Enquirer: 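Quick one: the structure is below, questions incoming.
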Amino acid sequence: MRGARLWKIIRMEFRLTAVNRAFLILTILGPFLISAVTVLPGLLSTRGGLGGNAELKIAIANADPRFLEGLRAPFTQNRIRVFEVRGDAPSLDAEVLAGRFDGYLILPDDLTEATRLRFVSRNVSDIRLVGVLQGVMGQAVVALRLAEAGVLPEKIASLTRPPVIEARQIAASGEKQDRDFLQLLMTGLTLGMLLYMTVLLYGQTIGRSVLNEKTSKTVEIMLSSVSPVELMFGKILGKAAASILQYGVWVSMTSLFLKLLGPRFGVSISLGGGPWALAFLVLFFLLAFFLYCSLFAALGAASQDEQNLSQLTWPLIMFLVVPIVMISATIMSPSAPVIVVMSLFPLTAPLVMFLRILVGAAAPWEILASIGILLATIAAVIVLSAKIFRIGLLMGGRRFRLGEVLRWIRS
Amino acid sequence: MIELRDVRKSFGDLKAVDGVSLSAGAGEIFGLLGPNGAGKSTTIRMILKILAPDSGSILFNDKPISEEDKPRIGYMPEERGLYRKVKIGEMLLYLASLKDADPASSARRLDEWLERFGLLPWKRRTPEELSKGMAQKAQFIAAVLHDPEFIFLDEPFSGLDPVSTDMLREAVLELAKKGKTVLFSTHNMEVAEKICSRILIIDHGRAVVSGVLADIKGRHGKNSVSVEFDGELDTARLTRLGSIISRFPRFVEMELAEGTSAQEVLAALVGTVSIRRFEEVAPSLHSIFVQIVGKAERGGPEARA
């Protein structure tokens with residue numbers, strides 16, 4: 001392989017990808033789209049669903065007026081207004097269906113003995129509302145029980161407040177860090193989604209570009225000048241450089257947006273684990289990116305048209321999805337044999353190994369082995385795709401069978 | 001000097017190239033002739049190392065071709081293709097730079113070639129905007145822009161109008177005069193006849209005729225006559241004396257059977273038709289080609305398009 005030629009191919013591929021209107025527009029608009037996608041869900045879930053600030057109306061029947069009075073304050077804090085009503089289930093059903101209330105509760109006569117209260121509403125999937133009901137009603141009933149048992153009213157508040165669990169992670173160095181499951185989950189999801197989006201976006205582009213080289217017949221003239229391996233490396237590196245440039249613009253602009261505007265909308269992004277975690281995130285992101293890019297290049301080389309290419313790509317997407325689905329399992333049991341194997345298997349390694357590093361479960365040799373395997377796989381896949389490329393394209397438009405592909409690889 | 005020795009290549013059961021040998025020296029124009037599917041492109045692809053031969057050797061100046069030789073080679077593939085979104089000038093300079101050509105001199109040569117083919121106004125256009133003939137001339141420039149020693153052209157004349165064909169033919173002749181080795185494949189016999197010093201006719205992967213064009217003509221053209229006439233020709237009279245190569249209402253060309261003289265043909269014709277021209281000729285390359293390949297086609301086990 002010749003460095004100078006490779007460099008020329010990289011430059012041309014970069015130019016072909018980056019210097020066109022669509023790419024520039026996408027680069028500039030991307031951060032707005034990403035911000036919209038990131039901020040909107042946050043807005044929706046913190047502002048009480050699509051209804052925004054609308055107050056919810058809950059009817060409570062058969063309640064002692066003094067008991068009900070005690071509920072008003074905590075409910076109001078959660079933007080819920082309670083109404084004291086009389087009536088039986090059928091009449092209240094009608095009221096809810098008519099839209100006068102969002103839901104109702106009929107308290108039993110022996111409230112202190114109750115083990116469950118039934119809430120009827122047209123929409124029970126509003127998790128926030130159900131959560132608030134559980135908290136407020138639960139605490140009120142427990143307080144009622146304590147009062148009946150003769151506990152002084154001023155003591156009840158402190159007695160019914162449960163302690164909050166704060167998780168702290170201990171590292172091998174003995175250093176302890178505040179860490180919670182949710183934050184780890186979000187960090188894992190961040191890398192997972194980054195990879196998923198990137199591969200969908202750019203992997204396909206690279207696959208198509210290799211395919212185009214075949215269908216546009218440029219390839220023969222290229223191969224009379226450069227080796228297939230040079231062409232493949234050049235294509236992948238050139239396209240990847242353009243992609244990373246675009247991605248860099250997006251990520252930095254988006255984080256700037258979120259930093260400036262995020263607090264105003266109540267959205268924050270934070271990665272668990274500090275600068276080291278960030279470094280590993282970038283490292284494994286790049287490794288995964290190049291691995292999948294070269295795999296897509298190989299698929300582009302093996303397919304004859306776009307339809308064929310997209311059929312071939314779905315198994316690859318599966319390998320991206322599985323580790324994302326397993327993020328919580330990975331965080332909870334990072335040393336389970338399956339997880340350890342997945343952290344070394346190249347297609348799943350980037351995300352799984354990153355998570356294991358994040359929770360402090362990966363030994364240094366495991367990290368090095370994972371990186372080594374990834375690098376070796378990337379090189380092998382590029383060489384392989386060059387081989388498939390060279391032979392596949394000269395076979396013309398024929399559809400080929402798996403056996404044939406294996407024969408080419410051996411030849 | 002380029003030399004092929006008993007080169008073979010099979011694709012599965014199909015023998016694409018079956019023992020082809022040839023050699024072409026500096027300043028020579030070598031024509032690789034044959035019908036479609038004969039193995040011409042496969043042969044060229046093997047010379048360029050795009051395909052690997054199953055057996056046989058391919059030598060450039062007595063050494064097997066290596067990656068280092070690639071800059072000394074120019075290639076115009078049968079499947080034309082330039083990046084659709086890149087301007088012609090930029091694309092051609094890019095291809096030359098991949099051949100390690102000096103940027104300044106390729107830029108100078110680019111303008112000369114574009115000027116010569118009337119493509120200068122198209123330098124900043126993309127291949128999408130070019131007509132087929134213009135794209136083909138651009139592809140030819142891609143093959144020669146880096147001033148290579150060996151030039152391989154796969155069907156360079158197919159689909160060109162007569163004016164463009166002449167332009168390209170002149171360019172090829174000029175390159176040979178400068179000492180380049182030019183090898184091209186074609187089934188355009190007229191062009192081949194005008195510019196080739198050596199030819200090889202290949203059919204079903206096998207070399208059927210090869211050598212210096214003049215010798216081949218001498219070998220195949222001894223007992224051949226062409227007649228222009230008026231009147232009704234009774235071909236039965238002639239088939240006793242030889243085989244008819246081409247027959248038109250007022251023209252016939254025939255190869256004489258062993259031991260038959262042109263005078264006997266003339267005698268047979270006198271009185272039956274009015275003879276306007278009678279000539280003992282070396283057959284055109286076209287007729288040699290039709291004769292040889294046609295025979296193989298009729299005798300061969302499988303017919304090809």
Side-chain angles (χ1 to χ4, degrees), chain A residues 1-23 208-231 234-235 238 386-387 389-398 400-401 403-404 407-408 410-411, chain B residues 9 11-12 14 16 41-42 44-52 54 65-87 90-101 103 126-128 135 138-143 145-146 148 150-152 154:
Chain A
M1 195 149 70
R2 303 264 304 271
R5 273 192 218 160
L6 183 62
W7 177 237
K8 285 170 197 158
I9 302 174
I10 293 175
R11 248 182 8 208
M12 180 52 117
E13 289 299 328
F14 180 85
R15 182 215 161 292
L16 277 173
T17 317
V19 186
N20 68 60
R21 225 165 283 144
F23 184 88
R208 260 202 304 275
S209 147
V210 173
L211 179 65
N212 272 342
E213 192 90 14
K214 273 169 62 170
T215 52
S216 77
K217 317 287 185 201
T218 358
V219 65
E220 264 196 76
I221 190 154
M222 290 299 290
L223 288 191
S224 76
S225 310
V226 301
S227 71
V229 178
E230 283 171 332
L231 185 57
K235 268 197 164 311
K387 216 160 188 177
F389 183 60
R390 171 186 179 144
I391 303 163
L393 80 102
L394 295 167
M395 299 298 282
R398 278 209 297 127
F400 21 77
R401 294 177 294 275
E404 230 172 328
R407 243 199 347 269
W408 296 343
R410 279 202 303 269
S411 72
Chain B
K9 176 81 187 174
F11 296 112
L14 177 73
S41 295
T42 307
I44 293 182
R45 284 171 178 166
M46 283 192 289
I47 297 175
L48 289 163
K49 253 193 135 177
I50 295 173
L51 285 176
D54 296 339
I65 180 181
S66 71
E67 280 294 313
E68 272 59 50
D69 290 321
K70 281 188 169 174
R72 296 159 62 211
I73 295 171
Y75 175 44
M76 176 178 180
E78 186 181 9
E79 306 266 26
R80 328 278 186 227
L82 298 170
Y83 288 143
R84 281 177 304 151
K85 302 281 179 205
V86 186
K87 295 184 185 96
E90 189 186 354
M91 182 75 202
L92 294 175
L93 288 176
Y94 170 59
L95 290 173
S97 79
L98 290 179
K99 298 279 196 183
D100 303 335
T126 59
E128 289 174 314
Q139 196 88 47
F140 175 81
I141 297 177
L145 186 59
H146 56 291
F150 301 96
I151 298 159
F152 300 94
D154 201 351

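What you are looking at is a predicted structure, and each value in this text was computed from that prediction instead of being measured. First the proteins, then the strands, lettered A, B, ... as listed; each starts at 1. Hydrogens, waters and symmetry mates are skipped; everything else that's a heavy atom, side chains included, is used.
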Enquirer: Identify which part of A/Ile9 has an atom lying under 4.5 Å from any heavy atom of chain B, answering side chain, backbone, both or neither.
Expert: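 For A/Ile9, heavy atoms of backbone and side chain both lie under 4.5 Å from chain B.
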
Enquirer: Measure the spacing between CD1 of B/Ile47 and OG of A/Ser224 and express it to the nearest 0.5 Å.
Expert: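 Taking CD1 in B/Ile47 and OG in A/Ser224, the distance rounds to 12.5 Å.
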
Enquirer: Please check: side-chain N/O of B/Lys99 versus main-chain N/O of A/Val226, any donor-acceptor pairing under 3.5 Å?
Expert: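 A pair under 3.5 Å: no.
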
Enquirer: Please examine the side chains of B/Gln139 and A/Ile221, heavy atoms only from C-beta on, and report whether any two atoms are closer than 4.5 Å.
Expert: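 The answer is yes, as the side chains (C-beta and beyond) meet within the 4.5 Å cut-off.
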
Enquirer: Give, as side chain, backbone, both or neither, the part of B/Leu98 having an atom under 4.5 angstrom from any heavy atom of chain A.
Expert: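 Interface part for B/Leu98: both.
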
Enquirer: Is it true that a side-chain atom of B/Lys70 and a backbone atom of A/Leu223 form a donor plus acceptor pair closer than 3.5 Å?
Expert: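 Looks like yes, one N/O pair under 3.5 Å.
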
Enquirer: So B/Asp100 and A/Arg5, do their side chains get closer than 4.5 Å, heavy atoms only?
Expert: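 Yes, close enough: below the 4.5 Å cut-off.
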
Enquirer: Assess the residue pair A/Glu220 and B/Asp154 against the criterion (side chain to side chain contact (heavy atoms under 4.5 Å, CB included)); give the C-alpha distance rounded to whole Å, side-chain angles, the decisive distance to 0.1 Å, and a yes or no.
Expert: CA-CA 11 Å; A/Glu220 264 196 76; B/Asp154 201 351; 5.8 Å; no

Enquirer: Does A/Lys8 use its side chain to pair, donor to acceptor, with the backbone of B/Tyr94 at less than 3.5 Å?
Expert: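 No.
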
Enquirer: List the residues meeting salt bridge (Lys or Arg N to Asp or Glu O under 4.0 Å) with A/Arg15, not counting sequence neighbours, and say none if there are none.
Expert: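 With sequence neighbours excluded, A/Arg15 shows a salt bridge (Lys or Arg N to Asp or Glu O under 4.0 Å) to B/Glu90, given in chain and number order.
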
